[in-house]
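In what follows, a single structure is set out as structure tokens and then discussed.
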2 protein chains.
Amino acid sequence: MKNKLKIYRAIKNVTQAQLADEIGVSRQSINTIEKGKFVPSTVLALKFARFFEVAVEEIFSLEDND
Amino acid sequence: MKNKLKIYRAIKNVTQAQLADEIGVSRQSINTIEKGKFVPSTVLALKFARFFEVAVEEIFSLEDND
DNA sequence: ATTTTTTGTAAGGTTTACTTTACTTTTAGT
DNA sequence: ACTAAAAGTAAAGTAAACCTTACAAAAAAT
């Protein structure tokens with residue numbers, strides 16, 4: 001699965017730390033999710049979508065290996 | 001987080017076992033996700049959405065305690 | 001009513017998300 | 001160039017997702 005977190009973070013102009021605070025996770029979680037190192041839960045996906053005011057599918061998308 | 005999996009399963013007329021097969025998880029996973037016993041990963045959420053041909057937010061929604 | 005299908009639930013195990021702390025590297029500001 | 005902020009990475013621990021097997025309960029079919 002790939003994601004556009006870095007892009008949406010740039011659009012909203014928030015740091016990983018600020019986003020972590022908004023979503024309620026650690027900064028490292030934001031970093032590793034953003035880098036695709038692990039797959040976040042659906043609760044987090046919904047929170048990202050709500051924060052960035054876009055659909056979950058706009059941020060996260062399936063890849064062939066999923 | 002709550003979900004409408006049972007409803008969408010009814011609409012598409014598929015059993016938990018069939019859905020599990022489509023999504024690529026065990027039937028018990030479908031059952032426990034459907035009953036809200038645990039939160040699926042975003043990959044699973046995207047797969048549910050793709051299978052039911054609706055947005056993730058249409059199936060899964062945040063609650064106050066999330 | 002009996003059989004078959006579907007759903008619910010439980011135990012035990014493996015994998016992975018997510019945490020904290022902490023350090024390094026990169027980017028931005030002055 | 002120096003400093004500060006942001007991002008990247010790592011290790012070790014905890015919590016939770018997801019698995020398999022198995023069985024009970026409920027619903028549907030005949």
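Every chain is numbered from 1, with letters handed out A, B, ... down the list of sequences.
- In terms of heavy-atom proximity, A:Ala49 sits nearest to A:Ala55 at CB-C, 4.1 Å.
- Take A:Asn31 and apply the side chain to side chain donor-acceptor pair (under 3.5 Å) test, not counting sequence neighbours, and it matches A:Gln16.
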List, with names and distances, any nitrogen or oxygen atoms from the protein found under 3.5 Å away from nitrogen or oxygen atoms belonging to nucleotides 28-30 of chain C.
none

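- Applying a 4.0 Å cut-off to non-hydrogen atoms, none of the residues of residues 47-66 of chain B approaches DNA chain D.
- Atoms CE (A:Met1) and P (C:dT16) sit 14 Å apart, rounded to a whole Å.
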Item to check | Verdict with supporting geometry, A:Leu44 and B:Thr42, side chain to side chain contact (heavy atoms under 4.5 Å, CB included) | outcome: CA-CA 8 Å; A:Leu44 292 193; B:Thr42 300; 5.9 Å; no
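- The CD1 atom of A:Ile30 sits 13 Å away from the P atom of C:dT20 (whole-angstrom rounding).
- OP1 or OP2 of D:dG8 sits under 4.0 Å from a side-chain N or O of A:Asn31.
- Annotation: proximity of residues 33-46 of chain B to DNA chain C (heavy atom, distance under 4.0 Å) is found for B:Lys35, B:Lys37, numbered in ascending order.
- When the P atom of D:dA6 is taken as reference, atom CD of A:Gln18 falls 7 Å away, rounded to whole Å.
- You'll find the side chain of B:Glu57 stays beyond 4.5 Å of the side chain of A:Arg50, heavy atoms only.
- Applying the salt bridge (Lys or Arg N to Asp or Glu O under 4.0 Å) test to residues at least two apart or on different chains, the pairs with a partner in residues 2-29 of chain B are B:Lys4-B:Glu58, B:Arg9-B:Glu34, B:Lys12-B:Glu53.
- For residues 3-29 of chain A, the pairs satisfying ring-ring contact (aromatic ring centres under 6.0 Å, His included) are A:Tyr8-A:Phe52, with sequence neighbours left out.
- Between B:Phe48 and B:Ile30 there is a side-chain heavy-atom pair separated by less than 4.5 Å.
- Sorted by first and then second residue, the ring-ring contact (aromatic ring centres under 6.0 Å, His included) pairs with a member in residues 13-36 of chain A form an empty list; sequence neighbours excluded.
- At a threshold of 4.5 Å between non-hydrogen side-chain atoms, the residues A:Ile33 and A:Leu5 count as touching.
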Donor-acceptor pairs are to be reported for all side-chain atoms of residues 59-66 of chain A against protein atoms at under 3.5 Å, with residues two or more places apart or in another chain.
residue, atom, partner, partner atom, Å
A:Glu63, OE1, A:Met1, N, 3.3
A:Asp66, OD1, A:Met1, N, 3.0
A:Asp66, OD2, A:Met1, N, 2.8
A:Asp66, OD2, A:Glu63, N, 2.7

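- Near-neighbour residues of DNA chain D inside residues 8-16 of chain A, defined by a heavy atom below 4.0 Å, number-ordered: A:Arg9, A:Thr15, A:Gln16.
- Every residue was checked against the side chain to side chain donor-acceptor pair (under 3.5 Å) condition with A:Thr15, not counting sequence neighbours, and none meets it.
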For nucleotides 22-24 of chain C, give me every protein contact, N/O to N/O, under 3.5 Å, one pair per line with atom names.
residue, atom, partner, partner atom, Å
C:dA22, N6, A:Gln28, NE2, 2.6

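- Looking only at distances, no side-chain donor or acceptor of B:Ser41 sits under 3.5 Å from a matching main-chain atom of A:Val39.
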